[in-house]
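The structure appears below as structure tokens.
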Protein chains: 2
Amino acid sequence: MTAGRKRSFDEEVALEAAMQVFWRKGYSGASLTDLTQGMGINKPSMYSAFGNKEALFIRAAERYMARRAGTVLKYLDVSELSLRQRLEKTMQLIVTQQCDPDTPLGCLVVTSQGEVAGGDLPEKASELLDKMGNQTKQAFARVIRSAPEAQEKGLSERADVLALSLATTLRGTASMARAGVPYAELEPVIDCSLSGIGL
Amino acid sequence: MTAGRKRSFDEEVALEAAMQVFWRKGYSGASLTDLTQGMGINKPSMYSAFGNKEALFIRAAERYMARRAGTVLKYLDVSELSLRQRLEKTMQLIVTQQCDPDTPLGCLVVTSQGEVAGGDLPEKASELLDKMGNQTKQAFARVIRSAPEAQEKGLSERADVLALSLATTLRGTASMARAGVPYAELEPVIDCSLSGIGL
DNA sequence: TGCCATCCTTACCGAGCGGTACAATCTCTG
DNA sequence: CAGAGATTGTACCGCTCGGTAAGGATGGCA
């Protein structure tokens with residue numbers, strides 16, 4: 001078995017490159033030409049390896065959450081830190097990523113979801129983006145609900161509302177970052193946001 | 001003079017319709033077919049009346065700011081209300097608009113600006129969106145800087161930072177609204193945001 | 001070496017894009 | 001009523017879109 005010509009590209013490397021293109025240009029904005037050029041392969045290769053544009057986007061978005069957003073959310077469970085410190089550190093890392101000039105500005109999920117309402121996005125991809133958009137909020141809600149400090153201050157019952165407030169702030173910073181606002185200006189916004197929910 | 005066939009459509013009505021299409025689908029997402037269909041005219045009519053797609057978008061965006069966002073910002077100067085009340089009322093009106101099911105979800109400026117970084121948008125339109133995106137923030141900064149309550153609390157020197165925080169929240173709610181989050185869930189976010197800047 | 005499965009390259013498909021040429025249609029002026 | 005002038009509808013332009021068919025290039029295995 002396993003006869004035949006070998007692949008001339010690494011699927012993981014190509015997927016990483018595709019993710020960056022989607023991140024920079026969104027789903028509709030990223031043409032097959034943009035994608036295959038960034039991936040260093042041509043269309044039939046990408047088609048046989050990933051299926052089609054939508055499937056490639058879904059793989060790329062899953063990779064984005066796993067590699068970028070996912071690793072950051074681990075800081076929420078560092079038990080030596082206070083709730084405030086954990087949330088602050090996590091949000092700082094996310095906004096730093098949004099503003100990092102070495103990667104595309106903003107957030108892949110937020111940017112792509114902006115295209116959803118117009119009907120430009122396939123349904124499967126749209127549902128995935130919804131789920132990913134809620135993931136951060138749910139992680140915040142979980143850690144707020146279970147933190148002793150929050151229970152003392154009576155914040156736990158409102159955990160969902162407060163988490164939505166933080167998640168909304170991060171969507172705002174993603175939009176600001178994409179418009180070119182630097183991290184230095186956005187950092188105080190995190191502080192305000194945390195103060196606003198009583199931390 | 002003034003000979004020739006009469007226009008069969010009202011330019012203001014057509015522009016309002018075009019604005020709604022751009023609002024719903026963004027700049028790139030709105031095709032000429034979408035636009036002319038929504039406006040109830042055909043392509044040569046729109047071309048002779050507005051020039052081209054970019055010029056139409058600029059007119060539509062200016063109308064959006066003047067008719068939608070602009071009228072709301074007037075509430076910032078109602079001197080009978082406290083600073084907190086004025087900001088809260090204004091933000092509530094903006095978020096209400098973002099969530100209004102009778103108009104497209106979210107904010108035309110925020111949605112369209114998400115497409116900028118990809119290079120899909122002409123430069124003139126991009127600059128205009130930048131200016132409009134800052135308009136709200138600057139209005140907030142102005143009213144915070146000049147409010148006696150803010151001066152007492154020492155907030156005036158940080159007016160720009162605090163205004164950015166509020167503007168960031170509103171970009172976040174625009175993104176949330178576009179993803180389908182209803183006003184009832186977003187309203188408490190406004191309260192958190194204002195508490196967060198010390199009001 | 002010969003076979004064959006797999007991949008890469010080129011060239012192409014139908015559809016939709018933004019934009020326009022042209023002629024038919026309408027309306028006001030002389 | 002004749003004719004000039006502006007707007008209309010139709011049909012089309014070159015281009016790019018996502019996606020694919022066909023054949024040459026490359027490899028493992030007998």
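Residue numbers start from 1 in every chain, and the chains themselves are labelled A, B, ... in the order their sequence lines are given, proteins ahead of strands.
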Quiz item: A/Lys43 side-chain donor-acceptor pair to D/dG19 base, under 3.5 Å: yes

Hits for side-chain hydrogen bond (donor to acceptor under 3.5 Å, both in side chains) against B/Ser112, two or more places apart or cross-chain, chain-then-number order -> none

Look at the side chain of B/Gln151 and the backbone N and O of B/Arg145, then say whether any donor-acceptor pair between them is shorter than 3.5 Å. yes

A/Asp10 CG to C/dC7 P, in whole Å, measures 14 Å

Here the distance between atom P of D/dT16 and atom CG of A/Leu35, to the nearest Å, is 17 Å

Picking from D/dG28, D/dT8, D/dG9, the nucleotide nearest the side-chain atoms of B/Asn42 would be D/dG9

B/Leu32 CG to C/dG18 P, in whole Å, measures 4 Å

Quick note, salt bridge (Lys or Arg N to Asp or Glu O under 4.0 Å) partners involving residues 188-199 of chain B, not counting sequence neighbours, are B/Arg84-B/Asp191

Check whether any side-chain N or O of B/Thr33 sits under 4.0 Å from OP1 or OP2 of C/dC17, and answer yes or no.
yes

Of the listed D/dG28, C/dT20, C/dG18, the closest approach to the B/Ser31 side chain comes from C/dG18

note: B/Met39, atom CE; C/dG18, atom P; distance rounded to Å ~ 13 Å

Judged by nearest nucleotide, the residue sitting upstream toward the 5' end of DNA chain C, B/Tyr27 or B/Lys6, is B/Tyr27

Taking donor-acceptor contacts at under 3.5 Å, does the side chain of A/Arg5 reach the base of C/dC7? yes

When B/Gly4 and B/Pro44 are each assigned the nearest nucleotide of DNA chain D, the 5'-most assignment goes to B/Gly4

Taken to the nearest whole Å, CG/B/Asp34 to C1'/C/dC17 is 11 Å

B/Thr173 side chain vs B/Leu170 backbone, donor-acceptor pair below 3.5 Å
yes

- Query: Can you hop from A/Leu199 to A/Val143 via hydrophobic side chains spaced under 4.5 Å?
  - Reply: yes

A cation-pi test, strictly: NZ or CZ of B/Lys53 under 6.0 Å from the centre of the six-membered ring of B/Tyr27 and no more than 45 degrees from its axis. Yes or no?
yes

Between CD1 of A/Ile41 and P of D/dA25 the distance, given in whole Å, is 21 Å

| said: Please tell me whether A/Val189 and B/Val189 are part of a single hydrophobic cluster in this structure, the criterion being side-chain heavy atoms less than 4.5 Å apart. | reply: no

Within residues 45-63 of chain B, those residues having any heavy atom closer than 4.0 Å to DNA chain C are B/Tyr47, B/Asn52, B/Lys53

